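Computed from a predicted structure; not experimentally measured.
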Amino acid sequence: MSNHLPAMDADRERWAEALMVERQHGTRAPAFIAERIAALALAGDMLGVARWQVIAERYDQLTLGPKQ
């Protein structure tokens with residue numbers, strides 16, 4: 001019997017990452033996310049920037065609710 005969990009798709013990974021950031025950083029989460037995006041942009045990692053922008057969107061949805 002295998003103990004392998006099913007692979008998460010990218011969208012579920014971003015939701016999980018947003019929840020992790022919220023739990024680990026609390027009220028400082030928005031600043032942490034902004035710092036990550038800035039550091040990745042300075043490093044020229046545009047794929048990383050795009051990933052963290054999606055995490056930021058998911059974080060906003062977690063904390064502010066869906067867009068109207």
Going only through I, L, V, M, F, W and Y residues with side-chain contacts under 4.5 Å, is there a path from Val54 to Trp52?
no
Do Met46 and Leu40 have side chains that approach each other closer than 4.5 Å (heavy atoms only, starting at C-beta)?
no
Using a 4.5 Å cut-off between side-chain heavy atoms of Ile, Leu, Val, Met, Phe, Trp and Tyr, which other residues end up in the same hydrophobic cluster as Trp15?
Leu19, Leu62
Set of side chain to side chain donor-acceptor pair (under 3.5 Å) partners for Gln53, sequence neighbours left out:
none
Closest heavy-atom contact between Ile33 and Ala56?
CG2-CB, 3.7 Å
Check side-chain contact (heavy atoms from CB on, under 4.5 Å) between Ala29 and all other residues, then give those that pass, not counting sequence neighbours.
Val21, His25, Tyr59
Sequence-distant partners of Glu17, side chain to side chain donor-acceptor pair (under 3.5 Å), two or more places apart
Arg14, Arg51
For Asp60, all residues meeting side-chain contact (heavy atoms from CB on, under 4.5 Å), sequence neighbours excluded
Leu64
Residue pairs fulfilling side chain to side chain donor-acceptor pair (under 3.5 Å) with at least one residue in residues 36-45, sequence neighbours excluded
none
